[in-house]
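A short worksheet on the structure shown next.
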Amino acid sequence: MRDSGKYPNTSLLLLNKVLRIHSIAVLTSGGDSPGMNACIRAVVRTGICHGLKTYGIHRGYEGLIEGDIRELQSLDVSNIIQRGGTILKTARSDRFKTADGMAKAGDNLRRYKIDALVAIGGDGTFRGAKEFSAKYRIPVIGIPGTIDNDLYGTDFTIGYDTAINTAVEAIDKIRDTAASHNRLFFIEVMGRDAGLIALRSGIAGGAEAILVPETRTDVNTLIEKLREGWIHNKTSMIVVVAEGDEIGGAFKVAERVKKEFDYYDIRVTVLGHLQRGGTPTAMDRVLASRLGVAAVEGLLKGKKNVMAGVVHQDIVFVPFSKAVKHHRDINPHLLKIAEILAK
Ligand code: ATP
């Protein structure tokens, strides 16, 4: 069917006569990430644009179980595109993993006559969505909202770009003080299972070494690298450590290095939750907006149980089963670049 280019789109309206989606709900789940608000806004406004009743579910699956649900109008999502966090709040819900919790969630969707769901979150959120949609036959589209960028099937997740920029800003500031005192800093960034934030922020911050969970960390090689820097009269050294590095985070690595390398005064900074908050970058806002629109229009085209993602700038839909099962590899070229440029 030809797309008229007008909104609401006539072909979608006709398709929806068959699908009969009259109302949708959106929730945010798992860890928050900057850009979730921009995504909520996009889902709500696209829903309204297509004549759908659009609900917001508070506190993720926990709110779905408790019926913490309210209809959202266009004005309810005004002035939030630039705000970090999530106006819908988020939660981790153990109850949703139980048959009783899911049944209550299903009952609430029926009570509000919600025909389809948009779930913004990480792989745990999609695991829950997959089970829920299979049991209660409700179409769900997931949107990747996590700072870790660890999901298979999308080049970027919402919040990743902002988190990297936050980490780089912090690294730059620490570099100033490190250079003034001839110090070696170990900076821990987020990433329990994935070193993507560490790798990109480390390259952008000119780190002397980057330690990620995807590659084995050899302390002797690290010390050798740091010693070379000292021989070349480096006035400061930065080692970026992903929190999930197998040695055990920045404090543990610093402790091991300190035993054999005392040329510099050694300090440790853990960036922690700083990386989750803050104003989303333009890139995250645009990504969130695109994925929000794509998710609602995807539902109206009959897509279900998939994650909306972006690959090579194009919108794609990846089955939940693939998105949660496959491990996202770290780019070996970026690791190489980091190695070359640290000399
Ligand atoms: P982040 O990447 O930021 O941690 P996430 O979505 O992976 O986000 P999780 O805490 O792993 O965060 O998952 C969010 C919620 O999804 C859980 O609190 C739980 O309610 C639900 N969930 C996760 N796995 C399952 C599952 N197997 N069955 C049902 N629900 C699940």
Side-chain angles (χ1 to χ4, degrees), residues 25-37 39-40 57-68 84-86 88-106 108-109 117-136 138 140-154 156-164 166 189-198 213 242-244 271-278 280 284 288 291 295 305-309 318-328:
V26 56
L27 59 78
T28 47
S29 160
D32 66 312
S33 69
M36 278 183 163
N37 278 329
C39 194
I40 294 166
I57 300 168
H58 290 249
R59 297 177 293 115
Y61 295 132
E62 194 63 16
L64 184 54
I65 292 169
E66 289 177 5
D68 196 354
T86 156
L88 291 178
K89 300 199 180 284
T90 182
R92 301 195 196 265
S93 169
D94 283 335
R95 282 201 289 168
F96 194 67
K97 293 181 180 171
T98 66
D100 184 47
M102 269 207 189
K104 284 196 173 112
N108 280 326
L109 282 189
L117 192 62
V118 176
I120 310 168
D123 64 337
T125 300
F126 300 158
R127 256 179 253 278
K130 185 171 166 278
E131 282 201 26
F132 185 60
S133 86
K135 262 192 188 158
Y136 294 93
I138 170 123
V140 187
I141 291 200
I143 298 182
T146 167
I147 62 166
D148 293 333
N149 204 34
D150 55 352
L151 285 161
Y152 177 86
T154 184
F156 297 105
T157 58
I158 298 166
Y160 174 57
D161 187 60
T162 307
I164 294 172
T166 303
V189 299
M190 278 187 169
R192 270 170 305 179
D193 308 305
L196 293 157
I197 295 179
E243 64 176 326
L271 298 186
H273 285 81
L274 250 182
Q275 296 155 92
R276 276 200 195 279
D284 272 329
L291 293 178
N305 314 334
V306 290
M307 175 191 82
V318 189
F320 282 142
S321 48
K322 270 197 177 169
V324 300
K325 270 209 190 110
H326 290 66
H327 185 73
R328 168 102 185 242

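Worth knowing before you read on, the calculation uses all heavy atoms, side chains too, and leaves out hydrogens, waters and symmetry mates. Whatever order the structure lists ligands and atoms in, that order sets their numbers, starting from 1. Everything numeric in this text was worked out from a predicted model, so none of it was measured.
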TODO: Could you go through the side-chain contact (heavy atoms from CB on, under 4.5 Å) check for I197 and D148 one step at a time?
DONE: CA-CA 7 Å; I197 295 179; D148 293 333; 4.1 Å; yes
Task: Residue from V26, L117, V118 passing side chain to side chain contact (heavy atoms under 4.5 Å, CB included) with I57 - done: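 Of all the options given, the one that passes is L117.
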- [ ] Report the distance from atom OH of Y61 to atom CZ of R95, rounding to the nearest 0.5 Å.
- [x]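 These two atoms lie 15.0 Å from each other.
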TODO: Decide yes or no for M190 and R276: does some side-chain heavy atom of the first lie under 4.5 Å from some side-chain heavy atom of the second?
DONE: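 In short, these two side chains touch, coming nearer than 4.5 Å.
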Open item on the list: Is there a salt bridge (Lys or Arg N to Asp or Glu O under 4.0 Å) between E62 and K89? Walk through the geometry before answering.
Closed with: CA-CA 11 Å; E62 194 63 16; K89 300 199 180 284; over 6 Å; no
TODO: Can you see which heavy atom on V140 is nearest to which on A129, and at what distance?
DONE: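 Smallest heavy-atom distance, with atoms named: CG1-CB, 3.8 Å.
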Task: Within the protein, residues bringing a heavy atom under 4.0 Å of ligand 1, chain by chain - done: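 These residues qualify: S29, G30, G31, Y61, R92, S93, F96, K97, M102, G122, D123, G124, T125, R127, G128, E131, T146, R192.
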